[in-house]
Amino acid sequence: QLPLVESGGGLVQPGGSLRLSCAVSGFSLDDYGIGWFRQEPGKEQEGVSCMNSGGSSTYYRDSVKGRFTIDTDVAKNTVYLQMNNLRPEDTGVYFCAALWNVGARTLCVVNYSYDYRGQGTQVTVSS
C-alpha cells in the first residue's frame, strides 16, 4: 500500500470547486507535517497549503488564502484540500507530501526532499 494516494482532481470551470483527498497509510500525522503542492510543466513547484506535525497550525500561500482550506479526518487518516472559487492559474498537478517533525510554513516554503510523496492528481481550471 502506497503511503500517500491522492484523488479528487478533474476539470472545472473558473469559479467552481473541487475537494482533493490524500489517503495516508503507514505513518502518523502526529509525527509528520503534511501539505499540498502543485506543479506545472516548465514552472517551479509551489507549496499550496501545509499543516505542521500534530496539526496545530496551517500555512496557505497568498494566492489561495480565503479560497482553499486544508483539513484532516483523523478516523479516515485522510488529508483534504477544499478548493473554492477556482481560477485558471490554479491549474496543475497537485500532490501531497509529508516530512517528519516540520512546521507548516517550513514544509510549504522550503524545498525539501520529502519523506513521503504521492503520485499527484491533475486539476484543470478552464472554461
Kindly indicate, with the supporting measurements, whether the criterion ring-ring contact (aromatic ring centres under 6.0 Å, His included) is fulfilled by Y60 and F68.
CA-CA 8 Å; Y60 296 92; F68 290 13; 8.2 Å; no
In terms of hydrophobic clustering (I, L, V, M, F, W, Y; side-chain heavy atoms under 4.5 Å; direct or indirect links), are L20 and L29 co-clustered?
yes
Considering only NZ, NE, NH1 and NH2 on the basic side and carboxylate oxygens on the acidic side, decide whether K65 and D62 come within less than 4.0 Å.
yes
Using the side-chain hydrogen bond (donor to acceptor under 3.5 Å, both in side chains) rule, take S17 and N84 through it: C-alpha gap first, then chi angles, then the decisive distance, then the call.
CA-CA 4 Å; S17 297; N84 298 328; 3.0 Å; yes
What pair of heavy atoms forms the shortest contact from S49 to C108, and how long is it?
C-SG, 3.4 Å
Tell me whether the centres of the aromatic rings in F37 and Y94 are closer together than 6.0 Å.
no
State, with a plain yes or no, whether a side-chain heavy atom of T72 is found less than 4.5 Å away from one of M51.
yes
Stacked cation flag R117 on F95, 6.0 angstrom / 45 deg
yes
For Q39, does the CD atom have more than 12 heavy-atom neighbours from other residues, nucleotides or ligands under 6.0 Å away?
yes
State whether the number of non-hydrogen atoms from other residues, nucleotides or ligands found under 6.0 Å of E44 atom CD is greater than 12.
no
If you count heavy atoms of other groups shown closer than 6.0 angstrom to CZ of R61, is the number above 12?
yes
Any donor-acceptor pair under 3.5 Å linking the side chain of R67 with the backbone of N85?
yes
